[in-house]
**Student:** 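First, the structure itself, so that you have it in front of you.
Heavy-atom basis, side chains included; hydrogens, waters and symmetry copies ignored.
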Amino acid sequence: AEAQQFAALAVANTAATKELCKDMVKLDGVVAGLVQYVGNEQADSIGRQYSAMALGNLLAERGTHATIVKAGSITSLIKMLKNCCDARELNSGKYAAFAISNVASNRQYHQQIVEEGAIELLIALACCEDPDTQRQALAALRGLCTTAENRPKVLQKGILDPLVLMSKSKDIDIVREITAALNCLSSEEENKEEISYRAISTLISLLMSADSDIERHSCCAIANLMEVTDIHSRFLEECGVPPLIALCSSPDGPCRTEASRAVANLSSNPELIDMLIQEKALGPLVKSVEQDGDNCRFAALAIANFATHAPSLFKIVNSGAIAPLVSLVSGPDNNLECRRYGALALANVTACEAFHSTILNEEGPEALFALSNSYDDLESRRFVGCALANLSSSTANHERIVEMGGLQPTIALAYDRDGRVHKQAAAALRGFSATGNINTKIVHEGGLEPLCRLLLSEDRDVLCETTACMCNLSLGDENKFEITKSGAVAPLISLIESEDSTVAHYACECLANLAEMTENQDFIAREGAIIPCISAMRSRHIEVQRESGRLLANLGASNKQFAADAIIDAGGHDLLISFLLSQDTSCQRVGAFGVGNLCTHDHHRRTLMKAGSLEPLTSLARSGKIELDIRRFSMLAIANLAACFSNHDDFVAQNTIPMLVSFSNSADPEIRNYSAYAVAELSRNSDMMEIITDEGGLEPVLYLARRDDTSELLKKHVLPALTTLSFLDSNKMPICTNGALPHIIDCISES
């Protein structure tokens, strides 16, 4: 037995030289002999211990694992563990645990170790009073816990209470192993509640151990636990916040990182943000962002969480956090995760317009632009898009952001496949487009193409932002033709009938703006806008009614027959006439303008009269409470209706002529001219000359004749009217004496 002891000890000592391990396991009989001796319960106890130590030393070299495990070492070592319950056999347990801890560094053998019952044995061994044995048992358990599925098993087997008890050990190595084990166990979701209930006060006390390894593992375990919001109150009850915040300033970098992670997890709970700031967490976090480089990601995340709480924003800005955050985001060599959380913090701060100037002064937008092309990091692009959308909400920022080169990054983000990214980009472009000179730049720099693509989105929010942006762009006269030829018209037409009233409103408004340009009117009509537009005019939403009506009214002004014919054929004129009767001023204006435009097409004048347009037009023209523009549009429409001889009997039947004569003396030049023109048109009809004369209609016609700027009007309309009226003897002298004769003679001379 003594010889066996010395032989085993010699092998163990030799195996302590790592470079020799691989060669030793290749020697015939070495591994097999050691394994067999360890597993032999009848063999000498000390010899078995040395043999286990030899296996442990050999297993320290990872390249030997396969050979040694294949020889049955795990079974033999666990058999040895089973025999160490007797205090006299603790050394056997220590060496067996040592060997198992080394083989447990290789996860592929964990299942066998667990299945053969090692967990319970190692936990029992860890509860012994010998520090070395405790240390080896804990190391083996910690190794097994690197496999996630083993962590709940270890907890279920009752490791927590022994760990809590052993945490009071004065052996620093044991406490390190304990905190490392708790760290590992706490990373498993199903363990967190039990660990927090039974060990959180232990972890908090270990935060103040003054040992960097213990503090780091304790911080990490607490950070893991704080991922569960329900545990936060327990942590606060145990007064864990002050020591945790103190460790945010630890001289040990990894410890600071884990402390910051724990604070970040706590700050995800909005109810705790005020308390964390009162406990002065902000200062160490800002300092970490300034100094910790790639290790400051959780500090930046914590600040970002603080910034979700509006009352905290002033304190964040006042702490000087903006400059280091901008520097963090702008550095191309900085860790991408750090930059991402820095961008999130800036995005959250931009939610408050009061701090926009601070971010702009620190050149925050340029830092965000630099991060916007992070094609491999979706979250970064989302946060940049959010920040740009927030900054663009204030017109005061537009010029500066554009001067910094902000349009191209924003347009690039609008191409992004991710819905959240291109929605934020569309919102930013919508904001920028509210500034007149910038909306032209958006078009010139290629903003229309991605916006046209986004018009095909099925996302309601994306469509709201995009149609609103297109609406703003369409206000610029320079943009109207470019938008029309960009391919935007067809999708905008399809959105006229959107179930979302906001989208429908903006789509109608944009098309109505485009249709203000004569060159676009026929194209929009031929793209199929008229039927959906008429349908939208029946919407229960007044904004949609107004803008769809305006679109139809503008299309009716087309100098091509297609649009007017299509409107009449589809019954659009009836809706425009109904708008004349609306209680909404904007609808009245649209109705008067639209009917007036259709009246310029002579072959539709009779149709419009039959549809009952004259009475509501007359009513609007007479009203002193109606806006002047509406009265003008109404009177112009009446004048055009009067140009159709077939309508003249309706003018008489509805007693409209006295009103026209009366308005020919209006103080408003346009109303006066339109009403006089209407009287002149009626006067061309010989059947009407006596009625016109009796109502005093000669003077309005003479008024037109006396004007110096209407020679064409005189020839086309006034001369025929005067000719007809001159057949009445009562009119001959007034025509000669009231200033019309010189103009008539001039016309004869010109001819």
Side-chain angles (χ1 to χ4, degrees), residues 518 521-522 525 530 534 549 552-581 588-622 630-661 663-664 670-671 673-689 691-692 697 700-701 704 712-713 715-718 720-721 724:
T518 305
Q521 291 164 352
D522 188 62
I530 289 173
I534 291 172
L552 197 71
N554 287 342
L555 294 177
S558 173
N559 52 21
K560 305 288 179 64
Q561 290 300 322
F562 176 83
D565 291 350
I567 291 170
I568 296 294
D569 291 343
H573 62 296
D574 290 321
L575 282 170
L576 287 170
I577 291 170
S578 72
F579 273 31
L580 297 171
L581 303 171
Q588 291 174 346
R589 184 186 303 107
V590 164
F593 182 58
V595 172
N597 286 340
L598 291 175
C599 286
T600 61
H601 300 271
D602 52 8
H603 61 294
H604 291 313
R605 289 168 181 161
R606 185 58 191 155
T607 301
L608 290 164
M609 180 63 83
K610 286 182 177 181
S613 60
L614 183 59
E615 183 178 350
L617 286 170
T618 303
S619 177
L620 289 177
R622 280 197 178 107
I630 297 175
R631 296 178 63 207
R632 287 172 175 172
F633 289 145
S634 299
M635 190 59 73
L636 176 59
I638 292 169
N640 283 327
L641 288 173
C644 175
F645 274 40
S646 299
N647 291 338
H648 289 181
D649 288 344
D650 295 274
F651 276 85
V652 175
Q654 296 187 35
N655 198 30
T656 307
I657 296 172
M659 180 201 74
L660 295 174
V661 173
F663 280 143
S664 66
E670 291 188 40
I671 291 178
N673 289 338
Y674 296 152
S675 56
Y677 172 78
V679 173
E681 289 295 331
L682 293 170
S683 299
R684 293 170 63 190
N685 187 340
S686 59
D687 293 337
M688 302 287 292
M689 61 183 180
I691 297 173
I692 295 295
V701 179
L704 293 177
E712 288 300 318
L713 177 66
K715 292 176 184 177
K716 291 179 65 176
H717 303 283
V718 179
T724 301

**Student:** Which residue is it: Leu660, Val661, Asn655? I am looking for the one with a side-chain contact (heavy atoms from CB on, under 4.5 Å) to Pro658.
**Tutor:** Asn655
**Student:** Going by heavy atoms in the side chains, are Leu620 and Phe633 under 4.5 Å from each other?
**Tutor:** no
**Student:** Could you tell me which non-hydrogen atom of Thr724 sits nearest to which non-hydrogen atom of Arg684, and how far apart they are?
**Tutor:** OG1-O, 3.4 Å
**Student:** Kindly give the heavy-atom pair with the smallest separation between Ala563 and Ala525, and that separation in Å.
**Tutor:** CB-CB, 3.8 Å
**Student:** Hey, is the main chain of Leu555 close enough, under 3.5 Å, to the side chain of Ser558 for a donor-acceptor pair?
**Tutor:** no
**Student:** Do Phe645 and Asp687 have side chains that approach each other closer than 4.5 Å (heavy atoms only, starting at C-beta)?
**Tutor:** no
**Student:** Do you know which two heavy atoms are closest between Ile577 and Leu608, and how far apart they sit?
**Tutor:** CD1-O, 4.1 Å
**Student:** Which salt bridge (charged side-chain N to carboxylate O under 4.0 Å, His left out) pairs, counting each pair once, include a residue from residues 552-577, with sequence neighbours left out?
**Tutor:** none
**Student:** Does a sphere of radius 6.0 Å around CD in Gln654 hold more than 12 heavy atoms from other residues, nucleotides or ligands, not counting ones at 6.0 Å or beyond?
**Tutor:** yes
**Student:** Is Ser634 reaching over with its side chain to a backbone N or O of Ile630, donor-acceptor style, under 3.5 angstrom?
**Tutor:** yes
**Student:** Are His601 and Ile568 packed together at the side-chain level, in the sense that at least one heavy-atom pair is separated by less than 4.5 angstrom?
**Tutor:** no
**Student:** Measuring only between side-chain heavy atoms, which start at C-beta, is Phe562 closer than 4.5 Å to Asp522?
**Tutor:** yes
**Student:** Show, in sequence, the C-alpha distance, side-chain angles and deciding distance for Met659 and Met635, and conclude whether the side chain to side chain contact (heavy atoms under 4.5 Å, CB included) test is met.
**Tutor:** CA-CA 11 Å; Met659 180 201 74; Met635 190 59 73; 4.1 Å; yes
**Student:** Checking Glu670 now: which residues fulfil salt bridge (Lys or Arg N to Asp or Glu O under 4.0 Å) with it, not counting sequence neighbours?
**Tutor:** Arg632
**Student:** Tell me the closest heavy-atom pair linking Pro616 and Gly612, and the distance in Å.
**Tutor:** CD-O, 3.1 Å
**Student:** Evaluate side chain to side chain contact (heavy atoms under 4.5 Å, CB included) for His604 paired with His573, printing each intermediate quantity in order.
**Tutor:** CA-CA 10 Å; His604 291 313; His573 62 296; over 6 Å; no
**Student:** Arg622: what forms a salt bridge (Lys or Arg N to Asp or Glu O under 4.0 Å) with it, not counting sequence neighbours?
**Tutor:** none
**Student:** Return the minimal non-hydrogen interatomic distance between Leu614 and Asp650, and the atom names on each side.
**Tutor:** CD2-O, 4.0 Å
**Student:** Do the side chain of Ser675 and the main chain of Phe663 share a donor and acceptor less than 3.5 angstrom apart?
**Tutor:** yes
**Student:** Please find the pair of heavy atoms, one from Arg605 and one from Cys599, that lie closest to each other, and give the distance.
**Tutor:** NE-O, 2.5 Å
